[in-house]
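Only one structure is covered here, and it is reproduced in the block below.
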Amino acid sequence: MVYNAIGTRENIKIVDTASFGGIKIDVMEYQKLLGSTNTQAAMDLYYMEKQNIRARQVAVYLDHDAVTVEPGAMSYFQGPLEMVSGLTAGNALGRLFSGAVTGEGAAQPEYKGSGMLVLEPSFNHFLILQLEKEEIVVDKGMFYCAQSGVKVSPFMQRNLSSALAGGEGLFQISLCGTGLAVLECPVPSCEIDVIELHNDTLRVDGNFAVLRSASLDFTVERSAKTLLGSAVSGEGLVNVYRGTGSVWLAPTIKVYNTISAARTMGSTSTRALNMNTSNSR
């Protein structure tokens with residue numbers, strides 16, 4: 001049986017795709033939403049499409065494989081797929097704790113077998129990653145789905161400074177293993193800078209690193225060696241990543257957050273928009 005999530009619709013195109021083992025993942029994007037009968041909504045949709053704010057969906061095609069998804073993300077599925085909750089008497093307590101500290105669902109359903117699974121639409125962007133016997137750490141709320149070979153679990157910060165002052169909280173999400181994973185991200189991949197560290201140090205003024213290798217040491221430190229130097233530089237505390245691995249930076253997250261905050265306060269002038277991360281701590 002050949003499955004096709006686009007089906008008979010003509011206003012959708014595939015903007016990203018990846019295959020590994022018995023799984024294929026497509027990210028579909030609605031080019032236009034034409035069903036509105038409200039003039040104000042039509043105006044909003046017009047300007048949203050001009051700024052690439054489009055509805056997107058993830059389609060997962062399984063061939064004797066399995067995928068774990070975020071609870072509530074399933075839209076529909078076709079074929080002989082079996083859904084299991086992933087929550088048992090033996091792991092219920094651990095899953096409940098994990099869900100409480102990470103904000104993710106305690107019972108992440110798993111779909112296994114052969115068929116097609118289509119997830120709910122979102123205006124966020126989707127990033128498809130392929131892990132190869134590695135572990136990465138992502139922000140809470142970013143996990144969307146992952147192939148059976150990728151284990152999803154809470155990741156506790158290794159030191160007090162990163163937990164209290166890093167802006168990421170005590171726990172984040174760990175994805176470990178081999179296979180495909182999909183993250184839901186507020187910015188597109190074209191606005192993400194992937195920085196490779198080779199026994200090196202990266203200092204970041206703000207918490208806009210959306211992903212990092214678990215092998216990296218993450219701390220929060222003064223921007224200068226002395227309190228006076230930090231005060232003079234105006235930077236204060238910075239997030240520091242040391243070692244060998246990757247850090248994915250999305251600086252424009254600060255831009256969008258600042259614009260949203262200004263709109264909330266009723267400001268329409270860019271002169272009032274302050275994106276100085278040090279002052280925002």
Side-chain angles (χ1 to χ4, degrees), residues 1-86 104-105 107-131 141-150 152 175 179-192 256:
M1 175 70 71
V2 177
Y3 298 101
N4 182 0
I6 293 179
T8 59
R9 295 172 293 182
E10 299 177 353
N11 65 332
I12 298 180
K13 72 175 185 179
I14 296 173
V15 294
D16 198 6
T17 185
S19 300
F20 184 82
I23 191 171
K24 177 187 176 186
I25 298 177
D26 287 343
V27 177
M28 306 181 297
E29 183 180 86
Y30 290 79
Q31 298 307 286
K32 278 186 176 295
L33 295 176
L34 302 173
S36 176
T37 58
N38 179 285
T39 55
Q40 184 60 54
M43 290 175 60
D44 291 342
L45 287 171
Y46 175 82
Y47 289 109
M48 289 168 68
E49 288 164 2
K50 290 294 183 182
Q51 283 300 114
N52 196 38
I53 305 176
R54 304 176 189 273
R56 301 174 182 90
Q57 278 187 286
V58 172
V60 181
Y61 303 93
L62 295 169
D63 183 10
H64 297 94
D65 208 328
V67 62
T68 300
V69 305
E70 182 63 6
M74 189 275 291
S75 180
Y76 59 94
F77 64 91
Q78 181 180 359
L81 292 176
E82 177 188 2
M83 192 278 284
V84 294
S85 69
E104 306 291 335
Q108 293 172 331
E110 181 183 60
Y111 296 82
K112 57 183 179 180
S114 298
M116 176 183 71
L117 170 68
V118 181
L119 305 183
E120 292 284 2
S122 171
F123 283 113
N124 275 332
H125 302 271
F126 293 107
L127 309 177
I128 304 178
L129 311 177
Q130 181 168 336
L131 279 66
M142 288 187 68
F143 170 73
Y144 202 60
C145 67
Q147 195 170 359
S148 57
V150 178
V152 184
L175 303 178
L180 297 180
V182 178
L183 304 179
E184 193 172 11
C185 187
V187 300
S189 58
C190 64
E191 295 181 10
I192 295 176
Y256 301 128

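Counting begins at 1 with the first residue of the sequence. Since we're looking at a predicted model, the values are computed, not measured.
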- Message: Restricting to side chain to side chain donor-acceptor pair (under 3.5 Å), what partner residues turn up for Gln51, sequence neighbours left out?
- Response: none
- Query: Which residues pass the side chain to side chain donor-acceptor pair (under 3.5 Å) test with Asn38, sequence neighbours left out?
  - Reply: none
- Query: Who are the side-chain contact (heavy atoms from CB on, under 4.5 Å) partners of Glu10, not counting sequence neighbours?
  - Reply: none
- Which pairs pass salt bridge (Lys or Arg N to Asp or Glu O under 4.0 Å) with one or both residues in residues 113-131, sequence neighbours excluded? none
- Atom CG in Leu183, atom OG in Ser189: separation rounded to 0.5 Å? 12.0 Å
- Query: Which residues pass the ring-ring contact (aromatic ring centres under 6.0 Å, His included) test with Tyr61, sequence neighbours left out?
  - Reply: none
- Message: Tell me every residue that passes side-chain contact (heavy atoms from CB on, under 4.5 Å) with Met83, counting only those two or more places apart in sequence or in another chain.
- Response: Pro109, Tyr111
- Item | Partners meeting salt bridge (charged side-chain N to carboxylate O under 4.0 Å, His left out) with Glu184 (sequence neighbours left out) | none
- Item | Inter-residue atom distance Met48.CE - Met43.CE, 0.5 Å rounding | 13.5 Å
- To the nearest 0.5 Å, atom CE of Met142 lies from atom CG of Leu127 at 5.5 Å
- Query: Which atoms form the tightest heavy-atom contact between Leu175 and Ala181, and what is the distance?
  - Reply: CD1-CB, 4.1 Å
- Task: Indicate yes or no: at least one non-hydrogen side-chain atom of Cys145 is less than 4.5 angstrom from one of Glu70.
- Result: no
- Nearest heavy-atom pair of Ser36 and Leu45: which atoms, and what distance? CB-CD1, 4.0 Å
- Which pair of non-hydrogen atoms, one from Cys185 and one from Asn124, has the smallest distance, and what is that distance? O-CB, 3.6 Å
- Item | Shortest non-hydrogen contact from Gly115 toward Leu81 | N-CD2, 3.7 Å
- For Val58 and Tyr144 the tightest heavy-atom approach is CG2-CE2, 4.0 Å
- Task: For Pro188, enumerate each residue passing the side-chain contact (heavy atoms from CB on, under 4.5 Å) test, keeping only those at least two apart in sequence or located in another chain.
- Result: His125, Cys190, Glu191
- Message: Ser148: which residues meet the side chain to side chain donor-acceptor pair (under 3.5 Å) condition with it, sequence neighbours left out?
- Response: Asp65
- Item | Sub-4.5 Å side-chain heavy-atom contact between Leu180 and Gln130 | yes
- Item | Rounded distance [0.5 Å steps], OH in Tyr76 versus CG in Leu119 | 10.0 Å
- Evaluate the side-chain proximity of Met74 to Leu117: yes if any heavy-atom separation is below 4.5 Å, no if none is. yes
Could you tabulate the donor-acceptor pairs under 3.5 Å formed by side-chain atoms of residues 15-29, not counting sequence neighbours?
| residue | atom | partner | partner atom | Å |
| --- | --- | --- | --- | --- |
| Thr17 | OG1 | Ile25 | O | 3.3 |
| Thr17 | OG1 | Asp26 | OD1 | 2.5 |
| Glu29 | OE1 | Gln31 | NE2 | 3.2 |
| Glu29 | OE2 | Arg56 | NE | 3.0 |
| Glu29 | OE2 | Arg56 | NH2 | 3.4 |

- Task: List in chain and number order the residues that pass salt bridge (charged side-chain N to carboxylate O under 4.0 Å, His left out) with Lys13, two or more places apart in sequence or in another chain; answer none if no residue qualifies.
- Result: none
- Item | Partners meeting side-chain contact (heavy atoms from CB on, under 4.5 Å) with Asn11 (sequence neighbours left out) | Arg9, Tyr30
- Any idea which heavy atoms bring Ala5 and Val118 closest together, and the distance? CB-CG2, 3.9 Å
- Query: Do Ile14 and Ile6 have side-chain heavy atoms sitting under 4.5 Å apart?
  - Reply: yes
- Does Ser114 use its side chain to pair, donor to acceptor, with the backbone of His64 at less than 3.5 Å? yes
- Message: What's the separation between atom CD in Gln147 and atom CG in Leu62, rounded to the nearest 0.5 Å?
- Response: 8.5 Å
